[in-house]
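In what follows, every chain begins at residue 1, and chains take the letters A, B, ... in the order their sequences are listed.
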Amino acid sequence: MSKPALGFSKNEKLKSRKSIERLFVEGNSVSKYPIKLMYITADPDQQAPIVAGVTVPKRNFKSAVTRNRIKRLLREAYRLNKALVFNNTERRFAFLFLYLGKEEPTFERISEAMKKVLTRFIDETERR
RNA sequence: GUAGCAGGCCACCUUAUCGCUCCGGCCGUUCGGCCGGGGAGGAAAGUCCGGACACCAUAGUGCAGCAUAGCGGGUAACGCCCGUCGUUCCGAACAGCGUUCGGAAAAGGACCAGUGCAACAGAAAGCAAGUACAGUUCGGCUGUAGUGAAACCAGGUAAACUCUAUGCGGUGAAACGUCAUGUAAAUCGGUGUUUGAGGGCGGCACGUCCGAAUCGAAGGGUAGGCGGUUAGAGCCUUUGGGCAAUCAAAGGUCGAGAUAAAUGAUAAGGGGCGACCGUAUAUCGGUCGCAACAGAAUCCGGCUUAUGGCCUGCUUUUUUU
RNA sequence: CGGGAUGUGGCGCAGUCCGGUAGCGCACUCGGCUGGGGGCCGAGUGGUCGCAGGUUCAAAUCCUGUCAUCCCGA
């Protein structure tokens, strides 16, 4: 069961409307501007150890094209940096990345913020 | 060269590394792996019209309501498109009324069916009353003045109500079918079982069909999978009919199917456009910047709006010869 | 995907149906009452009526298009 370290396939995506609702109500969060990560301990019968979703508020970005682009950048950044989480925890989680900025970012910026937010997440959860 | 109009085309490309999704094949125990192939638009947008399709009665009648408006054609259909007539505006020709020619614009039925409206000004904007002056056959009539967008004379206005003609049944893929999961055939109230409650998805009346339960309150459960779902009024080429929109025939071709929602990220190189610099213009070289509008969600035909570049034709204007 | 509603001075609203004067409250400015502040009284400034066309003699109002904001519906 050796997963490719850089993939991000369908099974790792957060899809269920119900669990997203739960995330918003019960979830904890760490944030490093412009990314906010909401997380919750996941069901044990979940297919992948960690599932993740991304979202960009329509209020900040009216155009569907830029919303899509930011979501793609977020997914890409998570895909390239998720080893940070996999290598440091054995627990199961559900993630939701929110983009809080008001302007369209570069990939470089997103990538840096993603690394920071993930290390902060590891600090918070593994320290206890 | 500049500006405008009309028509057509494209929507940066290639390579490398990593990644997403669908289809087919092989391997394999769930779950994946490997190989091959497909993967956003001209507007996918706004949701403004028209359809297909699905369910409700094979979708019925009248009223109400809504939409459209010269005439003819095209179309599955349209409020769309094409042609034509009239109207208005602009330009030119003739000395002028006006006519002719060329171009452009536009929601272009009917105020002799009825009702309403017209600020200010003005005597007066209908159910009528009446100013001044002049002329007079003196009965009262005629003309002029003045106000105003419009006036002893009837007009104007329907993107005012309305009338006429034509069309429109309703609800939309969250339609609809099916499988799975799950609870509660629980509680309270109303109406009713052939003397017919209630329902058949906007209103009223009728008709018709189903019909023994049904409606409301508060509450409980599930909010997952599959089908519908992508081959269609499809696209391309040729020939023929037609002024044209478009139609017919023959041949060829298959071009996304996601679902918190795929089609991406990074790097390099090459083309495109713009600015600046070098040189005597072009050409060429260098540097920098830009690359638009925008993302399928059942599917088509239009309209409207946003927007980068190239090509062709016509018109206007400028410079040089 | 499908339905609606609203854009009017700095702010909150009326006027739109049935076309001719853009008005109300708060705020702001000036003056008066007071030793000063507050409060009250009086006067005043301030509006492309979201934007663009059209109908009309005349448009915030009628018609068409467009932009923005907000609210519903499994």
Side-chain angles (χ1 to χ4, degrees):
Chain A
M1 157 120 195
S2 65
K3 211 153 271 298
L6 294 176
F8 185 53
S9 70
K10 227 172 176 177
N11 291 333
E12 294 179 64
K13 283 179 190 163
L14 179 64
K15 288 181 158 185
S16 158
R17 185 175 290 267
K18 214 175 163 187
S19 31
I20 292 166
E21 289 290 322
R22 210 159 66 87
L23 247 170
F24 272 106
V25 175
E26 306 174 14
N28 299 315
S29 68
V30 287
S31 60
K32 169 74 186 114
Y33 187 84
I35 298 177
K36 180 176 188 181
L37 167 61
M38 307 192 72
Y39 63 93
I40 194 166
T41 323
D43 297 331
D45 56 344
Q46 185 170 287
Q47 280 184 345
I50 291 177
V51 297
V54 298
T55 185
V56 177
K58 196 174 187 177
R59 182 174 296 275
N60 293 348
F61 297 95
K62 208 174 142 36
S63 157
V65 172
T66 56
R67 271 205 312 281
N68 268 343
R69 174 165 170 82
I70 292 166
K71 276 151 71 174
R72 281 168 182 156
L73 289 174
L74 281 172
R75 271 198 293 270
E76 185 74 3
Y78 171 69
R79 182 176 74 78
L80 294 174
N81 294 309
K82 68 180 188 173
L84 276 176
V85 182
F86 275 77
N87 296 339
N88 289 302
T89 187
E90 292 297 315
R91 293 200 273 159
R92 291 170 169 269
F93 289 104
F95 284 172
L96 188 70
F97 295 97
L98 267 104
Y99 185 75
L100 298 175
K102 297 270 198 291
E103 284 141 26
E104 192 178 343
T106 60
F107 177 73
E108 213 166 297
R109 204 147 164 241
I110 289 273
S111 188
E112 285 305 306
M114 180 61 75
K115 279 179 196 163
K116 282 179 186 160
V117 91
L118 288 179
T119 46
R120 192 173 290 187
F121 165 76
I122 292 293
D123 286 351
E124 294 241 340
T125 51
E126 295 301 304
R127 189 170 297 158
R128 290 183 288 212

Inset, instruction - Mark yes or no for whether A:Arg67, through its side chain, and A:Val56, through its backbone, hold a donor-acceptor pair below 3.5 Å. - result: no
Legend entry - Nearest-angstrom distance from the residue atom CZ of A:Phe61 to C1' of B:A260: 18 Å
Legend entry - B:G272 glycosidic torsion: syn (within 90° of 0) vs anti: anti
Legend entry - Protein-nucleotide distance (A:Arg109, atom CZ; B:U266, atom C1'), rounded to Å: 19 Å
Inset, instruction - May I have the distance from A:Asn81 (atom CG) to B:G19 (atom P), rounded to whole angstrom? - result: 15 Å
Legend entry - Main-chain N/O of A:Thr125 paired with A:Arg91 side-chain donor or acceptor, under 3.5 Å: yes
Inset, instruction - Tell which nucleotide pairs with B:U195, taking only Watson-Crick or G-U wobble pairs whose two distances are both under 3.5 angstrom. - result: none
Legend entry - A:Leu74 CG to B:A265 P, straight-line distance once rounded to whole Å: 13 Å
Inset, instruction - Would you state whether a donor and an acceptor, one from the side chain of A:Arg72 and one from the base of B:G295, lie under 3.5 Å apart? - result: yes
Legend entry - Selection from B:G295, B:G19, B:U259 that lies nearest to any side-chain heavy atom of A:Lys10: B:U259
Inset, instruction - Tell me which of A:Asn68 and A:Thr55 sits closer to the 5' end of RNA chain B, going by the nucleotide each one is nearest to. - result: A:Thr55
Inset, instruction - Between A:Ala64 and A:Glu108, just flag the one whose closest nucleotide in RNA chain B comes earlier from the 5' side. - result: A:Glu108
Inset, instruction - Could you tell me the separation between the CZ atom of A:Arg67 and the P atom of B:A40, rounded to a whole number of Å? - result: 21 Å
Inset, instruction - Return the nucleotide paired to B:A132: Watson-Crick means purine N1 to pyrimidine N3 with N6-O4 or O6-N4, wobble means G-U with N1-O2 and O6-N3, both under 3.5 Å. - result: B:U144
Legend entry - Selected nucleotide, minimal atom distance to A:Leu73 side chain, candidates B:C18, B:C20, B:A265: B:A265
Inset, instruction - Quickly work out the A:Glu12 CD to B:A262 P distance and round it to whole Å. - result: 17 Å
Inset, instruction - For RNA chain C, list all stems, counting runs of three or more consecutive pairs where every pair is Watson-Crick or G-U wobble with both distances under 3.5 Å. - result: C:1-7 with C:67-73, C:10-13 with C:23-26, C:28-33 with C:39-44, C:50-54 with C:62-66
Inset, instruction - Please report, rounded to the nearest Å, how far the P atom of B:G19 is from the CZ atom of A:Phe107. - result: 14 Å
Inset, instruction - Indicate the ring-plane relationship of A:Phe93 and A:Phe121, choosing parallel, tilted or perpendicular according to the 30° and 60° boundaries. - result: perpendicular
Legend entry - Closest approach of A:Ala113 to A:Pro34 (non-hydrogen atoms, all atoms of both residues): CB-CD, 4.0 Å
Inset, instruction - Please work out if A:Arg75 contacts a base, only the sugar-phosphate, or nothing of the nucleic acid, heavy-atom cut-off 4.0 Å. - result: sugar-phosphate
Legend entry - Euclidean distance, atom NZ of residue A:Lys13 to atom P of B:A262 [Å, nearest integer]: 7 Å
Inset, instruction - For B:G103 versus C:U66, give the span between their P atoms, rounded off to a whole number of Å. - result: 32 Å
